[in-house]
Protein chains: 2
Amino acid sequence: MSTYKIVSDATISPPERSTYRHGDLRRALLEAGIQLARAGGPDAVVLREATRRAGVVPNAAYRHFASRWELLQAVRSAALSALARRMEAELARVPRGASPADAARASLRAIGTAYLRFAQEETGLFHTAFAIPDETRGEPIPAKAGNSGRNPFQLLGDALDRLVDAGVLPPERRPGAEYLAWSAVRGLAMLLTEGPLRRLTSAERDAIGQRLLDMVEKGL
Amino acid sequence: MSTYKIVSDATISPPERSTYRHGDLRRALLEAGIQLARAGGPDAVVLREATRRAGVVPNAAYRHFASRWELLQAVRSAALSALARRMEAELARVPRGASPADAARASLRAIGTAYLRFAQEETGLFHTAFAIPDETRGEPIPAKAGNSGRNPFQLLGDALDRLVDAGVLPPERRPGAEYLAWSAVRGLAMLLTEGPLRRLTSAERDAIGQRLLDMVEKGL
DNA sequence: ACGGCTTTGTGTACGCCGTACACAATGCTA
DNA sequence: TAGCATTGTGTACGGCGTACACAAAGCCGT
């Protein structure tokens with residue numbers, strides 16, 4: 001709600017504009033919204049400020065978003081895509097030579113690690129992605145260059161499926177397992193970003209993150 | 001941020017007042033703030049609305065709270081007390097005849113169960129208690145009638161200590177264990193109250209809650 | 001080429017919010 | 001009882017989301 005790590009304070013070019021039409025206002029507003037979310041979380045996504053940054057009068061926003069809420073949803077969706085990209089990048093680092101069981105375990109850890117890192121490196125986006133009542137969990141992310149079109153939640157499900165295929169997770173434990181794993185990292189992310197673990201050193205953060213993933217792996 | 005279970009919509013008596021002095025404005029504002037938080041979470045704790053309910057002009061609040069933020073902190077503190085009371089009530093139900101190990105395990109579950117129940121039955125207060133950067137985690141709650149003065153986090157610590165004493169949890173795993181356990185229930189509470197598990201039946205909620213506590217117990 | 005329709009940005013306005021500052025009513029203490 | 005400290009009031013400011021009427025620009029069929 002208040003203190004976020006400053007991610008990028010580069011003052012955006014005051015976007016003078018000679019044409020009456022903006023050209024790509026929707027995108028500009030969304031981008032401004034993302035910046036605001038990065039710097040201050042969902043509450044910082046303020047319609048009037050976004051329009052200011054786009055160099056446009058407040059009401060112009062309503063030609064592209066029916067309300068502040070819809071802008072926020074668009075930002076949220078972008079944040080989820082960003083997280084999905086990070087997860088896929090982390091998944092790509094899983095060693096190929098390992099046994100199926102080890103590879104599956106490593107995949108799950110990759111998902112968890114990416115999630116926790118994202119929460120700490122992009123706190124504002126993270127909270128924007130998740131501190132909003134979720135109406136669209138199941139939907140895939142519109143696939144774009146460089147990602148599979150699967151959202152973070154689906155990626156977690158994939159990892160759990162692999163765990164079952166590899167014989168690590170008994171099939172009867174599979175249903176609902178994503179919610180257990182998700183709960184754990186979600187909660188730790190809160191503690192790390194706005195809870196009592198806020199002031200831990202980066203090493204301590206990593207350590208508790210790994211320990212949490214141990215707990216999940218063992219207890220799932 | 002938007003939809004909370006309506007807890008009590010009883011229209012408060014429009015508080016006419018003949019005296020210039022209110023008498024107990026601070027308490028009235030706090031109570032109004034608690035009602036607002038119950039019904040709508042932290043964002044619904046609106047200074048002007050609280051003063052309206054107290055039958056007083058907006059600025060009067062500033063004689064008792066330096067800002068909206070301070071009122072919110074007071075509400076948050078009340079919410080934490082309420083949760084602590086629930087935890088202690090649940091702890092009191094742990095059977096006395098059991099072995100130390102079983103009693104310790106049951107205590108931990110009692111803490112977790114109370115937490116999850118509170119999140120679902122008092123969603124607004126729950127979010128007010130925890131969706132706010134926490135400046136005061138370590139501090140005990142001012143002891144009042146009927147509670148021990150220990151806050152929810154300390155109660156969790158106590159339960160873990162008992163687990164160590166009973167030989168269930170190896171002592172070397174004790175440090176930091178509260179954060180693992182807390183993460184898990186915290187995360188599940190989010191999923192249950194504003195995440196994809198929002199629409200589960202009450203039985204399903206209980207089931208996943210128990211499963212999560214199993215995971216914690218096994219993986220700690 | 002041009003008239004009209006659609007799209008997109010502007011101007012003005014309303015009612016909320018938090019809060020600052022000067023002022024008035026009250027209660028408390030010397 | 002006089003004066004002071006406390007507590008509530010009145011007025012005001014700037015910021016917010018957003019509704020509504022209007023204006024500029026693009027687009028399309030003739």
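Treat the numbers as computed from the prediction; the structure is a model and nothing was measured. Note: hydrogens, waters and symmetry copies are ignored here, and every other heavy atom, side chains too, is used.
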Exercise for review: Can you check each nucleotide of nucleotides 2-14 of chain C against protein heavy atoms at under 4.0 Å and return B for base, S for sugar-phosphate only, - for none, in 5' to 3' order?
Suggested key: -----BBBBBB--
**Study point:** Donor-acceptor pair, side chain of Arg17(A) and main chain of Tyr20(A), under 3.5 angstrom
**Key:** yes
Point to revise | Separation of atom CG in Leu72(B) from atom C1' in dT19(C), rounded to whole Å | key: 16 Å
Review point. Going by an N to O cut-off under 4.0 Å, is there a salt bridge joining Glu90(B) and Arg86(B)?
Key: no
Point to revise | Residue closer to the 5' end of DNA chain C, Ser18(B) versus Tyr62(B) (nearest nucleotide) | key: Tyr62(B)
Practice item. Would you indicate what Ser67(A) reaches in the nucleic acid, counting non-hydrogen atoms under 4.0 angstrom: base, sugar-phosphate, or nothing? Key: sugar-phosphate
Report, one pair per line, the protein and nucleotides 1-3 of chain D atoms (nitrogen or oxygen only) whose separation is under 3.5 Å.
none

Practice item. Would you tell me whether Arg162(A) and Ser107(A) have side-chain atoms, one donor and one acceptor, within less than 3.5 Å of each other? Key: yes
Check your understanding: Is Arg150(B) paired with Glu88(B) through a side-chain N to carboxylate O contact shorter than 4.0 Å?
Key -> no
Exercise for review: Look at the rings of Phe126(A) and Phe118(A) and say which category their plane angle falls in: under 30° parallel, 30 to 60° tilted, over 60° perpendicular.
Suggested key: perpendicular
Point to revise | Close approaches to DNA chain D from residues 27-34 of chain B, in residue order (heavy atom, under 4.0 Å) | key: none
Exercise for review: Send over the distance from Arg68(A) CZ to dC17(C) P, rounded to a whole Å.
Suggested key: 16 Å
Check your understanding: How about Phe153(B) and Tyr179(B): are their ring centres within less than 6.0 Å of each other?
Key -> yes
Exercise for review: Without swapping roles, check the side chain of Arg85(A) against the backbone of Leu80(A) for a donor-acceptor pair under 3.5 Å.
Suggested key: no
Review point. Any sub-3.5 Å donor-acceptor pair from Arg68(A)'s side-chain atoms to Val45(A)'s backbone N or O?
Key: yes
Review point. Looking only at side chains, do Arg205(B) and Gln120(B) share a donor and an acceptor under 3.5 Å apart?
Key: yes
Point to revise | Gap between atoms CZ and P, on Phe65(B) and dT7(D) respectively (whole Å) | key: 13 Å
Practice item. Let me know the distance between CG of Leu71(A) and P of dT18(D), rounded to the nearest Å. Key: 10 Å
Review point. Between Ser67(A) and Glu70(A), does any side-chain donor sit less than 3.5 Å from a side-chain acceptor?
Key: no
Check your understanding: Are any of the side-chain heavy atoms of Arg199(B) and Glu204(B) separated by less than 4.5 Å?
Key -> no
